[in-house]
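It should be emphasised that the depicted structure is a prediction, and the values quoted were computed from it without experimental measurement.
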Amino acid sequence: MLTITTFDWVPEMPRGYVRDIRPRWACEEAGLPYRIATVPSTDKSAAHLAIQPFHQVPVLQDDDRTIFESGAMTLYLGEKSPVLMPADEDGRIEVLQWAFAALNSIEPPVTGWAVARFFHRDEASAARWEEWMTQRLAQLDAVLSTRAFIAAGRFTAADILMTEAVRMAGDEGKLAPHPALTDYVARMTARPAFRKALADQLAHFAAAKAPTNAPAGAQDKVPS
């Protein structure tokens with residue numbers, strides 16, 4: 001049984017965006033059974049730090065194998081299912097290329113913008129990040145104007161990572177100038193596997209109780 005470890009609780013704002021949704025979604029698409037484990041959102045145990053040196057979630061455990069970084073997990077799960085990863089070499093290389101593009105070219109400016117705007121509440125910094133983000137979103141929109149999926153001509157693990165890289169920007173209205181990208185994200189997030197992964201994550205955090213040592217004002221902050 002695969003085990004995905006996430007936080008036991010997070011403030012309301014980041015719910016739906018905590019990155020355990022990526023391996024959850026991959027498992028749902030591939031029909032891979034999994035269970036959820038938790039670690040505290042505040043103090044981490046030595047055992048957790050031994051497998052995640054950056055104090056983060058998620059972590060994926062598969063028998064005696066442990067993997068951190070949501071991108072690595074999604075690609076690892078892709079290797080377990082032809083639903084997520086093509087069998088042919090050309091298709092596989094294309095998936096890997098676009099998975100890394102999502103994580104390295106698209107996600108950094110989106111995350112930088114979100115942190116500046118919602119965590120630091122620094123509008124000047126957010127504007128600088130948004131300029132870069134807008135450039136990248138326009139470039140991605142041009143690619144998606146000629147294809148239905150980001151790689152290999154069908155849904156793959158790369159679509160999970162690309163959708164997650166831009167979803168928060170879309171929820172905040174930043175995809176509106178980019179019609180192909182807007183349509184792409186709408187189609188990806190309408191998939192039943194995504195809807196279930198999202199609903200399960202939201203239900204998990206809704207049922208959780210805030211720790212007594214949660215910092216004041218935590219409901220307004222994005223966790224690291």
Side-chain angles (χ1 to χ4, degrees), residues 2 4 16-32 34 56-60 62 65 67-114 132-171 174-175 178-198 200-201:
L2 296 163
I4 300 169
Y17 300 106
V18 182
R19 290 178 181 178
D20 64 272
I21 199 167
R22 301 174 183 192
R24 284 180 187 258
W25 184 3
C27 285
E28 295 291 346
E29 291 281 0
L32 297 170
Y34 64 98
Q56 297 170 322
V57 298
V59 173
L60 178 67
D62 184 9
R65 181 175 289 118
I67 304 166
F68 67 89
E69 290 295 334
S70 60
M73 294 175 213
T74 303
L75 292 173
Y76 174 78
L77 294 168
E79 297 291 352
K80 289 180 169 290
S81 172
V83 172
L84 299 173
M85 184 70 74
D88 65 288
E89 185 176 14
D90 287 345
R92 184 174 181 277
I93 290 170
E94 191 173 0
V95 168
L96 293 175
Q97 169 184 268
W98 281 104
F100 280 98
L103 299 172
N104 291 344
S105 296
I106 303 299
E107 190 163 54
V110 175
T111 300
W113 165 78
W132 182 23
M133 177 178 75
T134 299
Q135 178 189 52
R136 284 287 186 254
L137 295 178
Q139 292 165 337
L140 183 59
D141 184 71
V143 172
L144 287 166
S145 68
T146 65
R147 61 182 74 182
F149 301 96
I150 199 61
R154 65 172 180 86
F155 183 85
T156 66
D159 290 299
I160 294 176
L161 296 175
M162 188 61 76
T163 300
E164 285 301 296
V166 302
R167 184 163 59 88
M168 179 179 285
D171 289 345
K174 298 301 182 180
L175 301 188
H178 313 293
L181 183 52
T182 297
D183 176 71
Y184 170 78
V185 173
R187 286 185 290 105
M188 296 305 103
T189 57
R191 295 178 69 87
F194 171 81
R195 303 309 303 174
K196 185 175 187 306
L198 177 64
D200 287 352
Q201 187 190 92

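Side-chain contact between F194 and E164 is present, with at least one heavy-atom pair separated by less than 4.5 Å. In this structure, the side chains of V166 and M188 stay at 4.5 Å or more apart for every pair of heavy atoms. In this structure the side chain of I150 reaches within 4.5 angstrom of the side chain of L140, judged on heavy atoms. Taking the side chain as every heavy atom from C-beta outward, T189 and T163 approach each other to under 4.5 Å. Considering only heavy atoms from C-beta on, T111 stays 4.5 Å or farther from M168 through its side chain. The side-chain heavy atoms of P23 and Y76, taken from C-beta on, include no pair separated by under 4.5 Å.
Counting only distance, with no hydrogens or angles, the side chain of E94 and the backbone of A151 share no donor-acceptor pair below 3.5 Å. At distances below 3.5 Å, at least one donor-acceptor pair connects side-chain atoms of S145 with backbone N or O atoms of A142. A donor-acceptor pair is defined here as one N or O able to donate and one able to accept, closer than 3.5 Å; no such pair exists between the side chain of R24 and the backbone of A193. Counting only distance, with no hydrogens or angles, the side chain of E29 and the backbone of L84 share no donor-acceptor pair below 3.5 Å. Distance alone, capped at 3.5 Å, is enough to place a donor-acceptor pair between the T146 side chain and the V143 backbone. Q201 places a side-chain N or O within donor-acceptor distance of the main-chain N or O of G16, the cut-off being under 3.5 Å.
To the nearest 0.5 Å, atom CD1 of residue I160 and atom CZ of residue R167 are 11.5 Å apart. Put simply, CD1 on I93 and CD on Q97 are 9.0 Å apart, with the number rounded to the nearest 0.5 Å. With rounding to the nearest 0.5 Å, the separation of OG1 in T156 from CG in L75 is 9.0 Å. To the nearest 0.5 Å, atoms CG (L181) and CG (L144) are separated by 6.0 Å. Here the CE-CG distance, from M162 to L103, works out to 8.5 Å after rounding to the nearest 0.5 Å. Between I21 atom CD1 and L198 atom CG the span is 4.5 Å, to the nearest 0.5 Å.
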Tell me, with the steps shown, if R92 and E89 meet salt bridge (charged side-chain N to carboxylate O under 4.0 Å, His left out).
CA-CA 5 Å; R92 184 174 181 277; E89 185 176 14; over 6 Å; no
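Partners of D171 under the side-chain hydrogen bond (donor to acceptor under 3.5 Å, both in side chains) rule, at least two apart in sequence or in another chain, are Y17. Qualifying side-chain contact (heavy atoms from CB on, under 4.5 Å) partners for D88, counting only residues two or more places apart in sequence or in other chains: P86, D90.
At a cut-off of 3.5 Å, with distance as the only test, no side-chain donor of Y184 or D141 sits close to an acceptor on the other residue. Residues R19 and S70 bring no donor and acceptor atom of their side chains to less than 3.5 Å of each other.
Between H178 and K174, the shortest heavy-atom contact is CD2-O, 3.7 Å. Minimum heavy-atom separation, A158 to W98: CB-CB, 4.1 Å. In plain terms, the two heavy atoms of P58 and M73 that are nearest each other are O-CE, 2.8 Å. Closest approach of Q56 to V59, counting heavy atoms only: O-CG2, 4.5 Å. Smallest separation of non-hydrogen atoms from A169 and V110: CB-CG1, 4.1 Å. Here the closest non-hydrogen pair linking L77 and C27 is CD1-SG, 3.8 Å.
Aromatic ring pairs are classed by plane angle as parallel below 30°, tilted from 30° to 60° and perpendicular above 60°; the pair F155 and W25 is tilted.
Checked options E69, E107, E28; the residue passing with R22 is E107 (criterion: salt bridge (Lys or Arg N to Asp or Glu O under 4.0 Å)).
By the 4.0 Å N-to-carboxylate-O rule, E79 lies too far from R65 to be salt-bridged with it. A salt bridge does not link D159 to R191: none of the charged nitrogens lies less than 4.0 Å from a carboxylate oxygen.
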